Amino acid sequence: MDAMEVVAVIILIVAIAVLVYYYLLNSPATMDKLKSYVPTSADAHMGEVLNNDSPEYADLSKESSKGDSMGKRIKVKLSDIDMSSLNTDVFSNKIDAFLDAKSEELIKDWSLATTDDLEDLENKFSETTASVDNLEKDFIEFKKSSEEFQKSTEEKLNDLDKRIESLENK
């Protein structure tokens, strides 16, 4: 992969991440379910460190006293998430729409060539080829006429030389 392909892949990954982010923001049911699995504090003893005895921290300390690990408390089971709201076709359409909206901007920013640009270049190339062919034909005609001119001039010069010699010999 060259640098342009790597940049294009990175842009696609960022676009997908942005679309997933906006999807999660726009589907409150999925966000609520996800928030219910993730604890509000990473450490059950954070309340002691911060001297905060709010009910949120009390719940965490109760859970930690049960012997559950942090991994078990954060773990999200895919079967618990409502997959009916996740539609890959809609997601793909959103990605396509995003790329279509940003494609003109990317083409301008990166000075990329499009099929229209290639067609214009092909037309210019064919015009240039035709012009070169015409110039070549004109050059061949000029060369022929130049050769004819040289021959006729040579003949006239030879004729003049003969006349001068004849006059000198008299």
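Not measured: the values here are computed from a predicted model.
- Transitive grouping of hydrophobic side chains (ILVMFWY, heavy atoms separated by less than 4.5 Å) keeps Leu167 and Ile164 in distinct clusters.
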Only pairs under 3.5 Å count here: list side-chain donor-acceptor contacts from residues 132-141, not counting sequence neighbours, and write none if there are none.
unit_1	atom_1	unit_2	atom_2	d
Asn134	ND2	Ala130	O	3.4

Validation: residues 116-128 side-chain donor-acceptor distances under 3.5 Å, sequence neighbours left out:
unit_1	atom_1	unit_2	atom_2	d
Asp117	OD2	Thr114	N	3.1
Asp117	OD2	Thr114	OG1	3.3
Asn123	ND2	Glu119	O	3.4
Ser126	OG	Glu122	O	3.4
Ser126	OG	Asn123	O	2.8
Thr128	OG1	Lys124	O	2.7

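- One finds the NZ atom of Lys94 at 11.5 Å from the OH atom of Tyr22 (value rounded to the nearest 0.5 Å).
- Taking CD from Glu165 and CG from Leu160, the interatomic distance works out to 11.5 Å, rounded to the nearest 0.5 Å.
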Identify every side-chain donor-acceptor pair in residues 146-156 under 3.5 Å, counting partners at least two apart or on other chains, and give the distances.
unit_1	atom_1	unit_2	atom_2	d
Ser152	OG	Glu148	O	3.3
Ser152	OG	Phe149	O	3.0
Thr153	OG1	Phe149	O	2.6

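- Across Ile13, Val7, Val6, a single residue satisfies side-chain contact (heavy atoms from CB on, under 4.5 Å) together with Ile10, and that is Val6.
- Not counting sequence neighbours, the partners of Ile16 by the side chain to side chain contact (heavy atoms under 4.5 Å, CB included) test are Val20, Phe91, Ile95.
- Looking at Asp2, its side chain does come within 3.5 Å of a backbone N or O of Glu5 through a donor-acceptor pair.
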